[in-house]
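I have placed the structure first, in the form of structure tokens, so that the comments after it can refer back to it.
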Amino acid sequence: MARRWPPRERDATPGSAMADALERFLSIDPDTLPKHFDAPAAEARWGAEWERAGVYRWDASRPRSETFVVDTPPPTVSGSLHVGHILSYTHTDVLVRHQRMRGKSIFYPMGWDDNGLPTERRVQNHFHVRCDPRLPFDPALAIEPATGKQDKEPPRQVSRANFIELCHRVTAEDEKAFEQLWRRIGLSVDWTQVYATIDDRCRHIAQLSFLDLWRKQHVYNADAPTMWDIDFQTAVAQAEMEDRPKPGAFHRIEFGVEGSAEGFVIATTRPELLAACVGVTAHPDDARYKHLFGRTAVTPLFRAPVPIFASELVDREKGTGILMVCTFGDATDVRWWREERLALRQLVGRDGRFAPVEFGSEAFPSRDAAAANAAYAELSRKSVNQARTRVVELLRDPAASANGRGAPLVAEPEPIEHSVKFYEKGDRPLELVSTRQWFVRLLDKKQALVDKGAQISWHPESMGIRYRDWTQNLQLDWCISRQRFFGVPIPVWYPLDASGQPDYARPLVAEEAQLPVDPMTAAPRGYEESQRDQPGGFTPDADVFDTWFTSSLTPQIGSHWGLDAERHSKLYPADLRPQSHEIIRTWAFYTIAKSLLHENDVPWRHVAISGWVLDPDRKKMSKSKGNVVTPLPLLDRYTADGARYWSASARLGSDTAADEQVFKVGKRLVTKLFNAGKFVLAQTAEVHPISHELDRAFVFALKDLVARATEAFDRFNHAQALADTETFFWSAFTDTYLEIAKLRARGEIGGSEAERGSAVASLRLALDVLLRLFAPFLPYISEEIWSWAFAQERGQPTIHRAPWPGEADFRAVAAPRVAGAFERASECWRAINKAKADGAVSMGREVASLAIVANAKTLAELAPVLADVLGAGRCRAHTLRERSSLADGAFLIEDAVFAERETRPEGDVDSEV
RNA sequence: AGGCACGUAGCUCAGUGGUAGAGCACCACCUUGACACGGUGGGGGUCGGCGGUUCAAUCCCGCCCGUGCCUACCA
């Protein structure tokens, strides 16, 4: 019996389409939909709708066990947007959307990391200014962005407060750009939970953290050699240092030995530090130098007497096997300086220049002060590089010799390449400078830190090893003070004694009730503002915290630690920390450290590490290489879902090429879903259960897909879930099942209402389930199709709060008689298609007759679904041939005779309308 | 120098102790009643190399080569 198709008598709006009667499946009129999916319109519409309906709002009333908490990485807003952002943030969003559909209340905040040097640097360039903290605040100061013309002029000096104001100005703009991108790619962030690392609450919590660490005696301040960036003029932590290979040269320099005419030759790459030499050392077993231990060496040029001692740390093979110890050339110098209680001769100042000093004094002894001062006059105020050049020239003069045996430079410098420590954001090598800094004691907690790391699930697991290795190799306590401006102030003052000298041993730490506090403008409890910098009064600590000191508290910032105990108990520890692998040693490490020190807990249960985005030449994208791909044009070209498809195709931890082909595949998938959805929802029939054999076999295969995808998500393998779902959708569903079932749905094969109803019910179930499987990956197209019928039918307006597919979806469908019947149908269908391709006829061509060849077992398994396959293949007559030589599941088509030309079945649907 | 990861079709990547997979690209065909932003079919690989374990190794083990990252080396 012919049926009206498509049904046209209904309301023209798909969303409000109604069933004819209760016993018919709700269907839509596809003609009311655009020919092609209008992605930009859908992105705008659904973005607004999700926001309006609060789909992603955290439900604070649900218990912790039903809540999934994300410790979102706050992006550095001063950086530029690139596709890497899409990759890692989409990974998180996919996992989150899956958890939401599993029924969890999601806490998914967004933070902006605006605090710190990147922002300061951007402000310096953008406005062509520098901060001079000595200047007073100028409330009327109006500064416009630099035009480029000013580049040659010296930068304008502004006060600390004015500088901070400018920092807020640029970050506010940057945050808008990020939020736009996040919304466009459909991050299901709860936009009511937003913070900035410089805002009042973050400053409050960071300062609270300091107070807690102070109470627990985990922090201390010390005047100690610290890695120092001479351009930014700030201390730097171990985690922010990186090695860079640089050309250098070994300089062989002869020293004298006091009370003797002999000498020895040290090798150094830092000859300019000769004036800062405080000792000489060699390996205790080195026969060449054994006789020198305990005696006094005399440096050339400066004639300084320094002790010669033995140390196991010396490598006999390196250089000449004997070396000078300076304050300070490297970390080993610091160790020798401490262990041997050597003198401190700090010459390189905070600006990287040699400080003026007087030789012949107690601090700078010399056996020939006049010669030493004459030589040092050549170096004073020079930069490290300038001093190196000059000192080498001076050492070529035989008069500089400490023992009268000729020029101290005994050989031409030998060029080498060695690695030199840099601040990761810096341009000149770090110097070790003795300054007063605050530290968090971590070295004595290595084992506890390693143990906490082992309690966390790392995805992929190998990233946990990286954390462990870093932690075990930790060399220094965490230096948390920075001599910068745009950061969280250290909430400390120092009392001044009667002579105006600060007492660093008894800092005045702020009280909790004062937080957040800026000691530069507020006075400590018990003091008046008038006592600032007065003898007997107080002086503020002018420093700010390392940005990681705040960033390491993101789980606590989300949970309002210290401010709201109930909320904290619901949100801490978090479930998921997504991040990239290069900041395991910083962000992950410090966050675990804070969690250990504050609560003796882990900060989160899972860490998901995303890889990097590589350019087509497999190089990491970075601004300096100029190979950054900006995300917005990609979103325009391939849609947000298409870009998400690319992201989600990459497994956690593996680096990914920004391959436009993959974006294209994603867009194609979106289009296919649109078309398949439109088609399936246009089918209608009387409502009948899924009873037909092929339908049950197909649903059985679908159920298996759901199990596999769910299991993949449980293993944090979203890429596997996507690949499985996509393969099933494309191959099992659209290419096979839909092609076969549509004829029965239209009544062209089979014929009973029950058979039609079973086909329509199966198509709809498949679409319903597949949409939900795709929803975490492709939120826009899945929501779009969901809205056409399922939203109403299931009483769930958004697919993103619909339940993840599972048992309940399949309970009503009985298992097929033959478990692999759907696979048999697919294989046979493929064989018939191949026969048509071989015969160069269209897939729609009727087949007058053919023989299906397979082994007996396979033919038996095909039997229950054979009629559907033959119908869909438009085969009029067939014979079955048993051939035992064929493998199970293999089909051959023989003796195919095609009809002369394609004919349409009678009762063409449109002809009746 | 150590650690970790990777090496599979031209490209991007899955995968498994039992006859090698997908998508893209390529070639041929189909001329479209969901979809040409489509469909069908095809060609194409000693699974980096050499050994070992095994009835059987792309997979497990060892060594080597190559690539990337992390860490160390800084006298």
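Here is the naming used below: chain letters follow the sequence lines, and residue numbers restart at 1 for every chain.
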>> B:rG39, OP1 or OP2 - any side-chain N/O from A:Lys672 closer than 4.0 Å?
In response: yes
>> Please confirm whether the shortest side-chain N or O distance from A:Arg651 to OP1 or OP2 of B:rA14 is below 4.0 Å.
In response: yes
> Reckon A:Thr332 touches a base, only the sugar-phosphate, or nothing at all at heavy-atom distances under 4.0 Å?
Replying inline: nothing
>> Say we look at B:rA22 and B:rG15: how far apart would their P atoms be, to the nearest angstrom?
In response: 15 Å
> Whole-Å distance between B:rA28 P and A:Asn833 CG?
Replying inline: 21 Å
> Which part of the nucleic acid, if any, lies within contact of A:Trp458, taking any heavy atom under 4.0 Å across all strands shown: a base, the sugar-phosphate backbone alone, or nothing?
Replying inline: nothing
> Taking the C1' atom of each, how far is B:rU40 from B:rU16, in whole Å?
Replying inline: 29 Å
>> Heavy atoms from C-beta onward define the side chain here; which of B:rU12, B:rC69, B:rC30 lies closest to that of A:Ser842?
In response: B:rC30
> Within the distance-only criterion (no hydrogens, no angle test), does the side chain of A:Lys446 pair as donor or acceptor with the backbone N or O of A:Thr471 below 3.5 angstrom?
Replying inline: no
>> Rounded to whole Å, how long is the line connecting atom NE2 of A:His459 with atom C1' of B:rC4?
In response: 18 Å
> What nucleotide among B:rA14, B:rC29, B:rA34 has an atom nearest to a side-chain atom of A:Ala840?
Replying inline: B:rC29
> Heavy atoms under 4.0 Å, any strand shown: does A:Ala723 hit a base, just sugar-phosphate, or nothing?
Replying inline: nothing
> Ignoring hydrogens and geometry, is there a side-chain-to-backbone donor-acceptor pair from A:Lys836 to A:Ser842 under 3.5 Å?
Replying inline: no
>> Taking the C1' atom in each of B:rA25 and B:rG44, what is the distance between them to the nearest angstrom?
In response: 12 Å
>> Can you tell me which nucleotide in B:rA34, B:rC70, B:rG41 comes closest to the side chain of A:Thr734?
In response: B:rA34
>> B:rA72, OP1 or OP2 - any side-chain N/O from A:Gln475 closer than 4.0 Å?
In response: no
>> Between B:rG49 and B:rG7, how many Å separate the two C1' atoms, rounded to a whole number?
In response: 11 Å
>> Consider ring-ring contact (aromatic ring centres under 6.0 Å, His included). Of A:Tyr645, A:Phe729, A:Trp786, A:Trp730, which one does A:Phe774 pass it with?
In response: A:Phe729
>> Rounding to an integer number of Å, can you tell me how far A:Glu827 CD sits from B:rU40 P?
In response: 16 Å
>> So, OP1 or OP2 of B:rC37: does either fall under 4.0 Å of a side-chain N or O from A:Lys667?
In response: no
>> Without decimals, in angstroms, what is the distance between A:Phe679 CZ and B:rG38 P?
In response: 18 Å
> So which heavy atom on A:Phe422 is nearest to which on A:Pro429, and how close?
Replying inline: CE2-N, 3.5 Å
> Taking only N and O in the side chain of A:Arg845, is any of them less than 4.0 Å away from OP1 or OP2 of B:rC30?
Replying inline: no
> Looking at the side chain of A:Lys834, which of B:rG33, B:rG41, B:rU31 is the nearest nucleotide?
Replying inline: B:rG41
> Quick one: do A:Lys742 and A:Glu748 make a salt bridge, cutoff under 4.0 Å?
Replying inline: no
>> With a 3.5 Å cut-off and heavy atoms only, can you find an N or O donor on one side and an acceptor on the other between the side chain of A:Asp243 and the base of B:rC73?
In response: yes
> If we take the P atom in both B:rG68 and B:rC61, what is their distance in whole Å?
Replying inline: 25 Å
> Do side-chain atoms of A:Arg644 reach the backbone of A:Phe777 as a donor and acceptor pair under 3.5 angstrom?
Replying inline: yes
>> If you compare every side-chain N and O of A:Arg668 against the phosphate oxygens of B:rG38 (OP1, OP2), does one of them come in below 4.0 Å?
In response: yes
> Which is true for A:His418 with a 4.0 Å heavy-atom rule: it touches a base, it touches only sugar-phosphate, or it touches nothing?
Replying inline: sugar-phosphate
> Taking atom C1' in both B:rA14 and B:rG23, what distance in whole Å separates the two?
Replying inline: 10 Å
>> Rounded to whole Å, how long is the line connecting atom CE of A:Met241 with atom P of B:rC74?
In response: 13 Å
>> Return whichever of A:Trp470 or A:Leu313 has its heavy-atom-nearest nucleotide of RNA chain B closer to the 5' end.
In response: A:Trp470
> When rounded to the nearest Å, what value does the distance between C1' atoms of B:rC70 and B:rU53 take?
Replying inline: 33 Å
> Once you round it to whole Å, what is the distance between P of B:rG41 and CH2 of A:Trp829?
Replying inline: 10 Å
>> Distance criterion of 3.5 Å, no angle test: do you see the side chain of A:Ser419 paired donor-to-acceptor with the base of B:rC74?
In response: no
> Does B:rA36 have OP1 or OP2 sitting under 4.0 Å from an N or O in the side chain of A:Lys35?
Replying inline: yes
> What is the nucleic acid contact for A:Ile266, judged by heavy atoms within less than 4.0 Å: base, sugar-phosphate only, or nothing?
Replying inline: nothing
>> Nearest whole Å is fine: how far is B:rA5 P from A:Asp469 CG?
In response: 11 Å
>> Pick the closest RNA chain B nucleotide for A:Phe37 and for A:Gly839 by heavy atoms, then say which residue is nearer the 5' end.
In response: A:Gly839
Side-chain donor-acceptor pairs under 3.5 Å in residues 413-420 of chain A, sequence neighbours left out?
{"from": "A:Glu414", "atom 1": "OE1", "to": "A:Arg252", "atom 2": "NH2", "distance (Å)": "2.8"}

>> Checking A:Glu272 now: which residues fulfil salt bridge (Lys or Arg N to Asp or Glu O under 4.0 Å) with it, not counting sequence neighbours?
In response: A:Arg270, A:Arg388
>> Tell me whether the side-chain N or O atoms of A:Ser462 pair up with the base of B:rC4 as donor and acceptor below 3.5 Å, since no angle test is needed here.
In response: no
> Looking across every strand, which nucleic acid part, if any, lies under 4.0 Å from A:Val420 by heavy atom: base, sugar-phosphate, or nothing?
Replying inline: base
>> With side chain to side chain contact (heavy atoms under 4.5 Å, CB included) as the criterion, how do A:Leu347 and A:Leu273 come out once you've worked through the C-alpha distance, each side chain's angles and the decisive distance to 0.1 Å?
In response: CA-CA 8 Å; A:Leu347 289 177; A:Leu273 292 179; 5.9 Å; no
> Among B:rC73, B:rG41, B:rC70, which is the nearest nucleotide to the side chain of A:Ala837?
Replying inline: B:rG41
> Taking atom P of B:rA22 as reference, at what distance in whole Å does atom CG of A:Asp735 sit?
Replying inline: 13 Å
>> What's the closest nucleotide to the side chain of A:Arg746 if the choices are B:rC69, B:rC74, B:rA34?
In response: B:rA34
> Contact class for A:Glu739 (heavy atom, under 4.0 Å): base, sugar-phosphate, or nothing?
Replying inline: base
> Is the distance between the ring centroids of A:Trp788 and A:Phe674 under 6.0 Å?
Replying inline: yes
>> Please classify the nucleic acid contact of A:Val314 as base, sugar-phosphate, or nothing, using heavy-atom distances under 4.0 Å.
In response: base
> Given B:rC74, is OP1 or OP2 found less than 4.0 Å from the side-chain N or O atoms of A:Lys318?
Replying inline: yes
>> Considering every strand and a 4.0 Å limit on heavy-atom distances, what is the contact class for A:Thr281: base, sugar-phosphate, or nothing?
In response: nothing
> So, the side chain of A:Asp641 versus the backbone of A:Tyr780: is there a donor-acceptor pair under 3.5 Å, distance only?
Replying inline: yes
> Of the nucleotides B:rC70, B:rA34, B:rC37, which one has an atom closest to the side chain of A:Lys678?
Replying inline: B:rA34
> So, are A:Glu711 and A:Arg715 salt-bridged, with charged N and O less than 4.0 Å apart?
Replying inline: yes
>> Does A:Arg585 reach a base, just sugar-phosphate, or nothing at all? Heavy atoms under 4.0 Å.
In response: sugar-phosphate
> Quantified in whole Å, what is the C1' atom distance between nucleotide B:rC11 and nucleotide B:rC73?
Replying inline: 38 Å
>> Dot-bracket for RNA chain B, please. Rules: Watson-Crick or G-U, both distances under 3.5 Å, ( ) within the strand, [ ] when a pair crosses earlier ones, | for another strand, . otherwise.
In response: (((((((..((((....[..)))).(((((.......))))).....(((((..]....))))))))))))....
